[in-house]
Amino acid sequence: MIVAYAYTLTTARESSTTVLPILCLLLMREKRRPSVVTTLDTSWRKEPAILDGQVQSRERKYRREIVSFGRMLHQRGYVAATDGNLSVRLDEQRILATPTAMSKGALRPADMVIVDPAGRQVAGRRHVSSEISMHLLIYKLRPDVPGIVQVHPCTATGFAAAGMALNQPLVCEVVIGLGSIPLAKYGTPGTSELCESLEPLIPQYDAILMSNHGVVTYADTLHHAYVKMETVEHFARIALVTHCLGRQQPLGQQDLEKLLLERSKYEGHRSAMPLAATSRFPAGNLAGRQKVRPEPARQESKTES
Ligand SMILES: [Zn+2]
């Protein structure tokens with residue numbers, strides 16, 4: 001612009017005493033004004049640095065969380081030896097997971113591995129678990145889920161090994177937290193067999209018993225996935241006591257419907273599976289196999305609508 005203006009002035013045959021001061025003024029103004037390019041360059045330099053910092057601090061947090069929940073699962077006896085695996089979805093392309101062949105009670109943040117959605121390891125010194133395929137399937141089918149826990153707690157796995165789902169509405173808190181806990185048919189761990197048996201159940205449930213294997217839970221945080229695992233094992237113990245006592249008194253339909261209404265108020269207890277009626281809990285599963293006869297559903301209050 002300055003050159004064009006100088007050319008115009010020169011061709012207009014203005015005297016040098018007029019042209020030169022104007023040119024100097026224009027050049028000084030041009031120097032003071034920050035160029036658009038400089039402004040853009042600065043923002044581009046800063047933004048990725050801030051994002052990198054946020055990503056790294058999130059990843060560090062999740063590494064520590066996996067260590068912490070791994071230790072809690074080990075202390076509660078939900079895993080033995082090097083059993084079990086936990087994972088967190090960091091973003092659409094990266095899943096942070098426990099490595100193979102390590103006790104969940106002795107993990108360190110640096111032990112974790114990172115895989116892409118196809119299961120290819122992209123970071124970590126250790127090797128990825130063969131059970132990662134189950135985690136990848138859950139992340140694929142449940143975009144709402146960033147945290148998964150897969151372990152073998154004794155009582156719930158006992159039900160899974162006996163071929164029994166935990167699908168009787170016996171305890172109100174469990175109905176609110178998880179609803180029914182189905183049983184997936186057996187599939188060899190680390191193979192497509194297991195994924196095929198889990199696939200139809202994953203969209204509808206937040207906790208699944210795997211026949212002759214263990215339990216998997218998943219939720220909107222790793223913490224809530226861990227909480228659901230505690231609930232499954234606790235409920236399995238209660239169900240076992242009802243078998244020892246030889247009686248079961250499932251909740252009635254009206255009580256279940258009221259629990260469904262309460263469900264949305266409980267943080268971290270939003271199951272994918274709405275369970276409003278006893279019909280959603282298949283009858284006879286426990287009774288048939290264990291010779292325990294469920295009692296009739298509780299009497300509904302006559303004042304209830
Ligand atoms: Zn397993």
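In listed order, ligands and their atoms are each counted from 1.
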Salt bridge or not for Glu65 and Lys61, using N-O below 4.0 Å? yes

Suppose we only count N/O/S atoms under 2.8 Å; would Asp83 qualify as near the Zn ion (ligand 1)? no

Between the Zn ion (ligand 1) and Asn85, is there an N, O or S atom separated by less than 2.8 Å? no

Hey, what's the angle at the Zn ion (ligand 1) spanning NE2 (His213) and OE2 (Glu131), nearest 10 degrees? 110°

Whether the side chain of Lys104 engages the backbone of Asn85 through a donor-acceptor N/O pair (distance < 3.5 Å, no angle test) should be reported. no

Pairs in or reaching into residues 106-124: which pass side chain to side chain donor-acceptor pair (under 3.5 Å), with residues at least two apart or in two chains? Arg108-Asp111, Asp111-Arg126, Asp116-Arg120

Tell me every residue that passes side chain to side chain contact (heavy atoms under 4.5 Å, CB included) with Glu230, counting only those two or more places apart in sequence or in another chain. Arg76, Tyr78, Tyr226

